[in-house]
Amino acid sequence: MSLILYHLLVTFLLTARQEAFAFRSTSTSTSTSSLQTTAKGDFESKVWRPTKDDVERISYGKKARVRGTGSRKVPHRLNGEERSAFARAKTKGFVECFGRGYRRERAGSPLVNSWRNWSDASGRPAIAVYKASRRAKGEDNDEVEVDFSTLREGGGELRKRMVEAEEIMPGGVVERGEMFMLEDWSSSRKDTHQLPRCTVSWTCKDRSEAKALAKLLVKKFVE
C-alpha cells in the first residue's frame with residue numbers, strides 16, 4: 001500500500017469515527033431532553049383531581065367513572081333549582097346560594113359540594129356568595145368566601161394566596177386548617193370533600209358589594 005493511500009485510509013477512518021461520535025452525542029442529548037420533558041410531565045400529572053365528567057355524573061346521582069370520586073356520605077345530587085345555580089356559577093366563576101345551601105332532605109349542601117368539586121376539577125379556588133336568608137328583617141348579612149384548598153397547593157403557596165386575597169379587601173376571616181401543615185398536596189389522592197378547607201371570608205352588608213367582591217376574586221384568581 002502506498003503512503004498516500006495509507007494516509008487517505010487513516011483520514012477516512014478518523015472522519016467516520018468523529019461523525020459516529022457526534023451522532024451518538026446528539027442522540028444522547030435528544031434522549032435526555034425527552035426524559036426531562038417526560039419527567040416534568042409525570043411530575044405535573046401527579047396532581048390528582050376529579051374529572052369534570054365525574055363531577056357532572058355524581059351531581060345527577062350517577063356513579064363516578066373514576067373510583068374514589070364522591071361519597072355516599074356527602075350529598076352532591078342537585079335538584080332543578082340548584083342545577084340552574086350550578087350552571088350560572090360555571091359562567092360567572094362563583095356560586096350563589098341562600099345561607100350555606102343546606103337542604104334538609106339531603107342532610108347537607110349539594111350545591112356547595114358540587115361547586116367545590118367543579119372548582120377542584122378545574123384547578124381553581126371555590127368562590128361563593130352565601131346570601132342572607134333573612135335580610136328583610138335585618139337579621140343577617142351576606143358572606144363572600146374563597147376556598148383555596150381546591151388548588152391542592154402547599155402551605156407556602158397558600159399563604160401567598162391568602163395575602164393576595166386580603167389585599168383585595170382587608171378584614172377577611174382566615175381559616176387555615178390542615179393544609180398549612182404540609183408543603184406539598186400535589187400528590188395527595190384525597191377526594192375533594194376530604195381536603196381540609198383553607199378559606200378567607202368577608203361579611204358584606206350590601207348584596208351588590210358581595211357580588212362585586214366575588215367578581216374581583218374571580219378576576220384575580222380564576223381569569
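Positions are given from 1, in the same order as the sequence printed here.
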Who passes side chain to side chain donor-acceptor pair (under 3.5 Å) against Ser114, sequence neighbours left out? none

Side chain to side chain donor-acceptor pair (under 3.5 Å) partners for Asp54, two or more places apart: none

Apart from Tyr130 itself, what residues make up its hydrophobic cluster when side-chain heavy atoms of I, L, V, M, F, W and Y under 4.5 Å apart count as a link, directly or indirectly? Val112

Residues in side chain to side chain donor-acceptor pair (under 3.5 Å) with Lys90, at least two apart? Glu56

With rounding to the nearest 0.5 Å, note down the distance linking CD1 in Ile168 to CG in Leu217. 4.5 Å

Ring of Tyr60, cation from Arg83 - is the NZ or CZ under 6.0 Å from the centre and inside 45° of the axis? yes

Are Ile127 and Trp202 linked, directly or through other ILVMFWY residues, by side chains that come within less than 4.5 angstrom of each other? yes

Are Glu96 and Lys211 close enough for a salt bridge, meaning some N to O gap below 4.0 Å? yes

Is Asp120 paired with Arg49 through a side-chain N to carboxylate O contact shorter than 4.0 Å? yes

Among residues at least two apart in sequence or on other chains, which ones pass side chain to side chain contact (heavy atoms under 4.5 Å, CB included) with Lys219? Glu223

Is it true that Lys131 and Glu143 have a side-chain N and a carboxylate O under 4.0 angstrom from each other? no

Less than 4.0 Å between a side-chain N and a carboxylate O, is that true for Arg159 and Glu164? no

What residues form a side chain to side chain contact (heavy atoms under 4.5 Å, CB included) with Glu166, not counting sequence neighbours? Val174, Val200

Between atom CH2 of Trp118 and atom NE2 of His76, what is the distance when rounded to the nearest 0.5 Å? 14.0 Å

